[in-house]
Amino acid sequence: AQKTVENLVGSVTVIADRPAQVGDFIKVGDVIGTVEDIGIRSSRIRTLSRTLVTIPNGDFSSRQIENFAARDRFLFNPVVSLDYRTPAARIEEAIGIIRQVLHGHENIGAGARANMLAITPRSYDIEVFSYITVSDWDASVLIREALLLSIIRGLDEAGFAFAFPAQTISLAPDQVEALKPGPAAQQE
């Protein structure tokens with residue numbers, strides 16, 4: 001009887017608080033999917049793998065529920081890594097190009113910024129921090145793609161090289177001699 005009462009109270013909580021509605025894309029615990037039904041005893045979620053997960057409303061109402069459908073905007077926060085041989089003046093130019101792309105797009109909210117983030121052993125990193133001001137996931141994906149391509153195009157046209165995992169090894173002259181094969185190895 002305790003579980004039944006718990007599920008009944010959970011149902012009232014789910015209906016009264018409305019943390020999710022049918023059709024919302026949510027995350028409950030480790031379950032991610034679309035709400036298909038909110039019943040008296042349980043709620044059903046269709047996962048990305050297309051399976052159906054039934055969660056008793058007592059459990060559902062006691063878990064942390066992240067509702068992706070309730071978003072008012074999407075974070076756009078890539079890190080652009082430039083080749084570590086890029087001079088400081090050119091880094092400033094790259095930051096300007098990225099800022100121009102951000103400020104020139106109608107779906108980027110106020111306060112968008114691009115700033116030097118870090119100097120790493122392989123790159124100079126520029127962080128972009130802004131929001132895409134749409135609430136629809138599909139629209140945000142297309143805008144994200146357009147922004148990234150505009151940033152890449154602008155940096156390519158200005159002649160910037162992007163960083164990639166690389167390592168430079170320098171050997172002293174005496175180390176080079178030590179690595180050369182001896183006479184016996186050359187005859188084989």
With side chains defined as the heavy atoms from C-beta onward, is the minimum distance between [X] and [Y] less than 4.5 Å?
X: I45; Y: L52; value: no
X: R122; Y: F164; value: no
X: L117; Y: V79; value: yes
X: F162; Y: D83; value: no
X: I143; Y: V134; value: yes
X: V101; Y: S150; value: yes
X: R99; Y: I95; value: yes
X: I26; Y: F60; value: yes

Under the 6.0 Å and 45° cation-pi test, does R73 pair with Y131? yes

Is R144 close enough and on-axis enough to F76, meaning under 6.0 Å and within 45°, for cation-pi? no

For residues [X] and [Y]: do they belong to one hydrophobic cluster (side chain heavy atoms under 4.5 Å, members Ile, Leu, Val, Met, Phe, Trp, Tyr)?
X: I119; Y: V80; value: yes
X: I132; Y: W137; value: yes
X: F68; Y: L48; value: yes
X: I151; Y: L142; value: no

Can you name the closest pair of heavy atoms from [X] and [Y] and give their distance?
X: Y84; Y: Y124; result: O-CE1, 3.0 Å
X: T54; Y: S42; result: CG2-OG, 3.4 Å
X: G39; Y: N57; result: O-ND2, 2.8 Å
X: S140; Y: F74; result: CB-CD1, 3.5 Å
X: A158; Y: I97; result: CB-CD1, 3.6 Å
X: A139; Y: D136; result: N-OD2, 3.0 Å

Can you tell me if [X] has over 12 outside heavy atoms packed within less than 6.0 Å of its [atom1]?
X: Q100; atom1: CD; value: no
X: N77; atom1: CG; value: yes
X: L75; atom1: CG; value: yes

dist E66:CD -> R71:CZ (nearest 0.5 Å) comes out at 7.0 Å

Would you check, one step at a time, whether the test side chain to side chain contact (heavy atoms under 4.5 Å, CB included) holds for I91 with M116? CA-CA 8 Å; I91 294 170; M116 185 76 177; 3.8 Å; yes

Using a strict threshold of under 4.0 Å (side-chain N to carboxylate O), is an ion pair present between R46 and E36? yes

Distance-only, no hydrogens or angles: does the T86 side chain make a donor-acceptor pair with backbone N or O of R90 under 3.5 Å? no

T34 backbone acceptor or donor facing D24 side chain under 3.5 Å: no

For S81 and D125, which I'm curious about, is there any donor-acceptor pair between the side chains at under 3.5 Å? yes

State whether a side-chain donor-acceptor pair under 3.5 Å links D37 with S43. no

Run the numbers on V53 and I55 for side chain to side chain contact (heavy atoms under 4.5 Å, CB included), then give the verdict. CA-CA 6 Å; V53 176; I55 301 173; 3.9 Å; yes

Checking side-chain contact (heavy atoms from CB on, under 4.5 Å) between P78 and each of I98, I126, V128, L147, which is the one that passes? V128

Run the numbers on I32 and F25 for side chain to side chain contact (heavy atoms under 4.5 Å, CB included), then give the verdict. CA-CA 8 Å; I32 298 175; F25 186 72; 3.4 Å; yes

